[in-house]
Every structure is written in C-alpha cells, then in structure tokens.
Amino acid sequence: MQAALIAARTGDDRAADGLLDEATEMAARVGDGQDHHRTGFGPAAVEAGRVTAAVELGDGPQAVTRHEEVTGWDGWRWLPVEHRAAHLVDAARGYLLTGDPVGAARALIRADRVAPAEVRHRPAVRKVVDQLARDPRAPTTITPLAVSLGLL
C-alpha cells in the first residue's frame, strides 16, 4: 500500500494501480475485521488507499466515488479511528478537486468527530481547512474547526 501511494504521489498511475491490485488480493485473504495483528490492513483499508491514490493523481471524481462506496462497507467500522480520520481528510481533498466545498467540509467535520487529535495535528488538514475557510461557497460549519486551528 505504501509503495502504491508513493507511486501515485510521483504520478505513476500504472504502478499505483498494479500495487493496489496486489494489495486487494492480499486483503481479500485477510478480510475485514480479521486483523489479529492490529495492522489496520484489510479490504476497506485498501479501498481507502485507492481514494488517497486518486487524490494524489488528481482524480477527484474517482476519489469521491470510491470514498462514498467504502464508507458504506461493513469493513469501514473495523478500521482504526486514525485511519478513518486520515481517509476522511483525503476524501475532503477529493471533494475539493471536484469543486464541492460542502462535501469537503462535511468530510472534515466527520473526521474531527472521529479522531480530533488526528485532525488537529495533520498538516494536510490545515491546508484543506484554510482553503475552505476562504471559499465563499463553503458552509459556515467549517468555521469552528478553522478557529480551533488558528486559521481565522
């Protein structure tokens, strides 16, 4: 998964897809909720990784579609809270790529409810919240988070 995300960050979509396909096969053998070694690895984690890869590759529509699917999976609830929060931050970035500040704000607020410390200490969150706080189309529900981060 990490190699796939690095490939995505460097713009190598073929390598990212291939590595994520390999991770999908391994995750299917593990299954969601069967993480006896507490690694957070399973099918939902790989699908969340696909969202991150899509964001890194600049494919907002794919990121949003995959995000909306994975959060409906039963395996979503088995992910550690910090993984869910990180995923929701990436989903917010995906929503911004599609020009949807409402969806981005909704994802960030949900992330903050799931794991506030994860949200408050992630540099990527500051960038996304700052962008949203300056967007006149963004809902005012993002304001308390922006204030708590010292952005307003």
>> Going by salt bridge (charged side-chain N to carboxylate O under 4.0 Å, His left out), name the residues that satisfy it together with R110, two or more places apart in sequence or in a different chain.
In response: none

> Would Q62 and L57 satisfy side-chain contact (heavy atoms from CB on, under 4.5 Å), going step by step from the backbone distance to the final call?
Replying inline: CA-CA 10 Å; Q62 181 181 14; L57 291 164; over 6 Å; no

> How far does CG of L151 sit from NZ of K127, to the nearest 0.5 angstrom?
Replying inline: 12.5 Å

>> Nearest 0.5 Å, please: how far is CZ in R66 from NE2 in H87?
In response: 11.5 Å

> Below 4.5 Å, heavy atoms only, C-beta onward: do L108 and V128 meet side chain to side chain?
Replying inline: yes

> Would you say the side chain of V81 lies within less than 4.5 Å of the side chain of E118, judging by non-hydrogen atoms?
Replying inline: no

> Does anything in residues 139-152 pair up under side chain to side chain donor-acceptor pair (under 3.5 Å), and if so which pairs, sequence neighbours excluded?
Replying inline: R120-S148

>> Return the CD to CG distance between E47 and L20, rounded to the nearest 0.5 Å.
In response: 9.0 Å

> Counting distance only, does the side-chain N/O of R84 pair as donor-acceptor with the main-chain N or O of L79 below 3.5 Å?
Replying inline: yes

> Would D12 and R14 count as a side-chain contact (heavy atoms from CB on, under 4.5 Å) if you check the C-alpha gap in whole Å, the side-chain angles of each, and the deciding distance to 0.1 Å?
Replying inline: CA-CA 6 Å; D12 190 345; R14 292 183 100 176; 4.0 Å; yes

> Is there a side-chain contact between V64 and L97, using heavy atoms and a 4.5 Å cut-off?
Replying inline: no

> Going through the distances and angles, do L96 and L132 end up as a side-chain contact (heavy atoms from CB on, under 4.5 Å)?
Replying inline: CA-CA 9 Å; L96 285 177; L132 280 172; 3.8 Å; yes

>> Can you give me the closest heavy-atom contact between A16 and A8, atom names plus distance?
In response: CB-N, 3.9 Å

> Out of curiosity, D90 CG to E56 CD, how far, rounded to the nearest 0.5 Å?
Replying inline: 7.0 Å

> Could you walk me through whether V102 and Y95 pass the side-chain contact (heavy atoms from CB on, under 4.5 Å) check?
Replying inline: CA-CA 8 Å; V102 173; Y95 280 111; over 6 Å; no

> Around atom CD of E22, are there more than 12 heavy atoms of other residues, nucleotides or ligands at under 6.0 Å?
Replying inline: no

>> If we ignore hydrogens and angles and just use 3.5 Å, is the side chain of R137 paired with the main-chain N or O of G99 as donor and acceptor?
In response: yes

>> How long is the straight-line distance from CH2 of W76 back to CD of E69, given to the nearest 0.5 Å?
In response: 13.5 Å

>> I'd like to know if the side chain of R50 pairs up with that of T24 as donor and acceptor (distance under 3.5 Å, no hydrogens or angles considered).
In response: yes

> Hey, what do you get for NE2 (H67) to OG1 (T52), rounding to the nearest 0.5 Å?
Replying inline: 11.5 Å

> Which ring pair (Phe, Tyr, Trp, His ring centres under 6.0 Å) pairs, counting each pair once, include a residue from residues 115-146, with sequence neighbours left out?
Replying inline: none

>> Within the structure provided, determine whether L145 and V119 are in side-chain contact (heavy-atom separation under 4.5 Å).
In response: yes

